[in-house]
Amino acid sequence: NANGSGSGKISVGIVLPTKDEERWVQDEQRFKDAIKDTKYKTEILFSQGSPAKEKENVETLINKGIKVLIICPPDGDAAAAAVEAAKKEDITVISYDRLITNTEAVDYYVTFDSVAVGEAQAQYLVDHAKGPGQPLYLYAGAATDNNAFLFFEGAWNVLQPKIADGTFKIANSSEAEALKDTAKLSRDQMSKIVGQVTTSWEPNEAKNKAQTHLTAAGADMKGDVVILAPNDGTSRAIADVFATDSAVTSYVISGQDADKASIQYIIDGDQSMTVFKDVRTLVNDAMGMAVSILDGKEPETTGSYPNGMIDVPAKQTDVIVVEQSNVKEKLIDSGYYEASEFTGL
Amino acid sequence: MNLFKETKTLVKVNIREYGMYIALFVIMLVFTVMTDGLFISSRNISNLLDATGYIAVLAVGMTLVIVIRHIDLSVGFAAGFMGAIAALLITQAGIPVVLTIPIILVLGIVVGLFNGVLVASIGIPSFVASLAGMLIFRGALLRVTEKTGTINIKNEQFNAIGNGYIPELANVGGLNLLSLLLGALFIVLYIAAEISKRRNKLKYELEVVSGQMFALKLAFVSAIIAYVTWIIAGYNGFSWTVIIMLIVVVIYHFLTTKTVLGRNIYAVGSNPEAAHLSGINVKKITYIVFCSMGLLSALSGILYTSRLQSATTTAGTLFELDAIAAAYVGGVSAAGGVGKVTGSIIGAIVMASLSSGMNLLGVGISYQYMIRGGVLAAAVIFDVMTRKQRS
Amino acid sequence: MNLFKETKTLVKVNIREYGMYIALFVIMLVFTVMTDGLFISSRNISNLLDATGYIAVLAVGMTLVIVIRHIDLSVGFAAGFMGAIAALLITQAGIPVVLTIPIILVLGIVVGLFNGVLVASIGIPSFVASLAGMLIFRGALLRVTEKTGTINIKNEQFNAIGNGYIPELANVGGLNLLSLLLGALFIVLYIAAEISKRRNKLKYELEVVSGQMFALKLAFVSAIIAYVTWIIAGYNGFSWTVIIMLIVVVIYHFLTTKTVLGRNIYAVGSNPEAAHLSGINVKKITYIVFCSMGLLSALSGILYTSRLQSATTTAGTLFELDAIAAAYVGGVSAAGGVGKVTGSIIGAIVMASLSSGMNLLGVGISYQYMIRGGVLAAAVIFDVMTRKQRS
Amino acid sequence: MSDYILEMNGISKEFTGVKALADVNFKVERGEIHCLIGENGAGKSTLMKVLSGVYPHGTYKGDIVFEGNVQQFHKISDSVKAGIAIIYQELALFPDLTVYENIYAGNEVSRGGIVDWNRTIVQAKQMLRKVKLNLNPETPIKDLGVGKQQLVEIAKALSKNVKLLILDEPTAALNENDSENLLELLRELKDQGITCIMISHKLKEVISIADKATVLRDGKTICTLDASKGELVENVIIKSMVGREIDDIYPKRLRRKFGDRILEVRDWSAYDPQLGRQVVKKVDLHVKQGEIVGIAGLMGSGRTELARSLFGNPKAYRLSGEMLLRGVPVELRHTSDAIRAGIAYVTEDRKGDGLFLIQDIKSNLSAANLRDIASRGVINDNEEIRVANRYKDSLNVKAPSIEQIVGNLSGGNQQKVSLGKWLFVGPKLMILDEPTRGIDVGAKFEIYTIMNKLIEEGMSIIMISSELGEVLGMSDRVYVMAEGRIAGELPIEEADQEKIMQLATQ
Ligand SMILES: Nc1ncnc2c1ncn2[C@@H]1O[C@H](COP(=O)(O)OP(=O)(O)OP(=O)(O)O)[C@@H](O)[C@H]1O
Ligand SMILES: Nc1ncnc2c1ncn2[C@@H]1O[C@H](COP(=O)(O)OP(=O)(O)OP(=O)(O)O)[C@@H](O)[C@H]1O
Ligand SMILES: [Mg+2]
Ligand SMILES: [Mg+2]
């Protein structure tokens, strides 16, 4: 279980969004590793995608006397109530990876910018374009998930000019096609597209959608294609479908999170890339910040982000694009994963 | 000793009813010991009760639905949907809170009416009708929130429902005065009611417990109320959520035990055919119960939305199962006709205590699921066993 | 015209049974028109059937559970859990596929046994028992996957179950020969069975439809089988998933209509007391039905895991509701004793067709939920209405 | 001129496809006890349901005049308000609720929607006293026997300020003793000025209590017989009910020769875990081949429990004692063991636990013996059809085909299907629990004839019955049970009503 269990005074509370996604299980592990080196006690709780459970978790941690709260919300808007409760107790709130918006109760932000993740995914597709007129398949996360919109927003920022200039043509979304000349999508416009191409973050749903889309696509929408897949789980499912369609001669597909399962796919050439968010850096930044605060020092920041109410001082970590050519260097050599966990390296 | 014997028979006869309270007590004791007292701290208990609010309210409504042998799976997303509508009314239509709340509650009744039509008039099994409702509300919730995503609410009044506390008046040695007064009021009302009840019974020459036993019971319950009040007053006092919960329980308890309507509900649950032949309008009762469920779903949605100060796109997910679990842990019988709203509230608190206690202990989420499943099973096994024994 | 009259009365008498087929036909027709024929294309139909597999299998088991007046909410996460165990056995324990599958199926039976104990022996209402089971399996699934996250499966054999097709033998004008042969075999078997049935009925001087009508029916059904075969053969032929689905349906159809066990299941469903007094071991039947459900959950888990070529941490979420919806759309009655496995399969295909068709049309997710809810409600309303009329 | 409290003129009521009532006229004078009689399915219950508003105004044709005013009851509570209370054939009680809650269900003692529980209990006690029922009003209904439940029903009716009390077969489930008490109660109510309509199949009762009796047949009024004119005699009634004369309702059996003891039970006790007490106490009995053994007794004397404990113990009664079949000790753990050993049990509650109402005749007939028409677990459909047709014909089940749903058959035909199901098992010993309860005279005669035929074929029968006439008319030997014990055994030659009642009330 989480370190520092039992009932002793806890200094740092960590709340992560869900254990249902591999990404956050990784974060848990990295936090546990980072904790070993500090003299402070910490505890990690999961919200299982529910802002209500998140609030309960925060309250529990407050009860246990934390001084610093590191929190990554399933929903950045809905977390305001939770952190405001913490703020009332003079707890320093560090928004981890996802920014908590529309509240003054956030002190710091440690991030891989979600919008930047989408941009990195899209940029990879653009860099590997065989255009002009190359078919582009769009997929998004859950229509119920704010983060899915942030990723998509980033991707659209990069893709839209290339769609407008004819490098890509959209293969699977009439809504996106209709909006292809709009550079900056409103939330409403985005929701129309996302509603059409949502995977609900479910690999099975992604697979169903991909099959349907390939059924619907004419020969001109096949051949060499590029695919925007929102994360690794859905990316693998979509890639599986495209790989079995004989009319698709090649595909470039994005991903995110550097799941072990996807790293193997990248090594095998089944998935093109993944956006690697080196959780260790983020964890170290967050824990470093927490320790500074506990030690009474001013933590170091590199900039600031507006959250709708205030500008939150932030420390930003760059995301790393991992592909077949650099997978060993970025993930194995850096000690993030063991080479033995994969085959064919 | 005579008193001891009386206690023993009382416990034996009422074991099913007391079982739940004993279980709650044991769970609380275990967690208190294991967390070095942290569990029973003012703050934790206060938080725990607040976190139970929106489920407890649903569980009350669900109790009646199960009593009349139905089920309602749509309440979760219905609550989420109505919470979102509330958020929209406040943030976008600029309707004041005092107007929004009644509007939403009426909307809840309409939603209940809709279920009532399907179940009572068309005659679809409620399980399927509400499964369809669940899908429809899920879609509707997405529909109203997909334009904006999560809707933040900045309205202080509204947010106080889920996060605020009743005013303090004065602070007496770290305790919230108004809360203390409220607690004292409860005790006085309770004692007065019990005494009048006993006097009345004696007047009609009905059987009552011995005087000693009666005094003991009064003292015991008063002590518990006092203790809970003292704990709650030690943090911020009664929250509005707890007050709302209490009001709902009191109203529904009164409704189910003291009124003709309440009796008719239990009659319908116990034997719908016989109820019909006794001149009870079964259809009407079914409508009323589903409307009450809709009303409480709306209230639950308001509590939840206010608690998070925002309406989210996934609000309401699995609320229905939590509410149903709470009702069953609270002793409702699937065969119909049996179940108390007070029991369901205790059931909801038991489940919330489990979550809270395990969080305090840092139990992993996978074990939390398994333990909650185990407790649910254990509660129903206990219920079935004691019922077999008694009858 | 005489034949026309006969058709009319046949349709009138069997409206409930035909209703579902007609609904499926209408849905397919509408989508086909709206998508310019894309919906009915070989590839789409083939994909659609594959995507239905793991739910259809659950729906078959759920049909029997509902027939004996129970419900099983745990099947979703049970399937997810067992799929994950299968993945672990193959990837980490290195157990060959041919061994893994029987192990998992046996595990499924054990899981069913566990439900059986709670429901049949202890006497807990199945709704609550399986709700507890749902929580427990959810925890267990998380527990086994939390170390590794998603478990990838690289085993070709195993992955073929959910993604592979039967061998082609030869390609005849773009059609899969073996599939064509299989289709032809089905038709021959069907016609032979029908003729023998009719001959027998005539022997016992029971009522039969007119010779003309009979020929018409044979021709019509054969044409449908031929058409479906032709469509499927036009893509990759029958997938292993479809073959498994067909085998499950044939076995269960036979079991429910032709065997003593099947009769006993329906007897228990229509009056448990009378069944007991007729020498039927109700407990045993309940055990058998829950074990069959466990077995099919395991199969569903295998199909799903194989389809995704990996076991995920959320596998199984809401499968149970999809399966229950399919069963109800397929005409199962909540009152017990009524429902066919073939109906449930059709129900599952109806629901899958809706999803697929709406995906093809690019309907937004929020409307998809609402439409699916509406169709579920409509199906049950239709069922209830026609039953009222008939009886 | 007579003073009619109720006049029903030209009442017609149709269910989809069935004309249950066709232009019925029915008049009841103030202060009389008026019996309504007729074969099963004649429309008696339907007529009363029309009167009480179960079938609301508009769903039937014709007029109801009550106390001189034309009434239009739209719901049950309307007729209650007018002063009509009805006790239905299928009791309308709430098993989980207490006696006092039951008495006032739908008619709560309340002010402004709030129930006054203390007054409820006190008034309930008064009502119970009125019906001479001495029990704690806080007892849950499910802990009472059928007889007491029936009295609670009457108490419930009396609590409503009733002018016209209707009882639909109130004594069907009662034994003679309780029936007599109930009839006595009705006479007292009559003296208090309450008019009473009673439906009954028990002609003796009708003759003893009725001032007048109206006969219905096939949904039509046949005649009204007046006791004061001496029209209420058995053969007149039977003739108008069935349209023909039946000289002896108990048909004569040709052979009375018995073989060996087929069943013997020694020191047999059974304990009902649900009731938490012993229900059968140290019973010794035996049955010879070719014999009809009657078991008489008061309601609640434990006859059904005895029968069920013999039949493989289906309710899991814990028991002790010894059972010998043809002299061989056996232990039956499940109903299926009993069936295999050649015992069949026809339950007293056809609809509740006897038949599969939503299934067809064919499936019901074969349900207890599928293995005989199956090989390796697979049913031979044709064989099943053949068997079903055989029993349908031999038992004279009136239905268009064996594919008719059993729930749609009349009571007598349902009972025949129930019998057929057990005959197909090919038992050596049949236990018939109240084989003719709620069945009309014509159908009764048929059932008795079937019983005689079975005996002639060498079967043995245990017949549990609360109708003394039946016990005396059909049995070769009679056991009388009282409070779970065998109070006495009488050869049929020595048995008469007085002796049996004397033993039963020991
Ligand atoms: N709800 C109903 N739907 C269809 N037919 C009905 C219904 N109720 C009664 N019937 C039919 O109406 C006729 C009269 O039934 P009713 O119950 O009034 O007979 P009864 O004289 O009370 O018979 P019994 O002596 O068996 O109680 C029967 O043919 C019966 O099958
Ligand atoms: N459902 C029940 N609930 C409570 N008590 C019951 C129930 N059924 C029977 N009893 C009680 O069990 C005892 C034996 O009843 P049983 O039915 O065997 O008597 P019986 O002689 O067969 O009478 P009957 O003529 O009613 O069939 C009685 O005391 C009766 O009150
Ligand atoms: Mg009747
Ligand atoms: Mg009996």
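Everything numeric in this text was worked out from a predicted model, so none of it was measured. Chain A is the first sequence line, chain B the second, and so forth, proteins listed ahead of strands; every chain is numbered from 1. For the numbers below, each heavy atom of this structure counts, side chains included, while hydrogens, waters and symmetry mates do not.
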Between T317(C) and R138(C), does a side chain to side chain contact (heavy atoms under 4.5 Å, CB included) hold up when you go through it step by step? CA-CA 9 Å; T317(C) 317; R138(C) 185 175 191 181; 5.9 Å; no
* With a 4.5 Å heavy-atom cut-off, do V75(C) and F137(C) have their side chains touching? -> no
Can you classify the ring geometry of F127(B) versus F127(C) as parallel (below 30°), tilted (30 to 60°) or perpendicular (above 60°)? perpendicular
Under 4.5 Å to a heavy atom of chain B? For L318(C) that would be side chain
Turns out that what part of A129(C) lies under 4.5 Å from chain B's heavy atoms comes down to neither
From the list V375(C), L118(C), L321(C), I365(C), the residue making the most non-hydrogen contacts under 4.5 Å with chain B is L321(C)
Looking only at S366(C), A379(C), A325(C), most heavy-atom pairs under 4.5 Å shared with chain B are made by S366(C)
Is there a side-chain contact between L376(B) and L131(C) in this structure, where contact means two heavy atoms from C-beta onward sitting under 4.5 Å apart? yes
If one checks every heavy atom of I371(C) against chain B at 4.5 Å, the contacting part turns out to be neither
In terms of heavy-atom contacts, does CZ of F382(B) have more than 12 from other residues, nucleotides or ligands at under 6.0 Å?
yes
Under 4.5 Å to a heavy atom of chain C? For L141(B) that would be neither
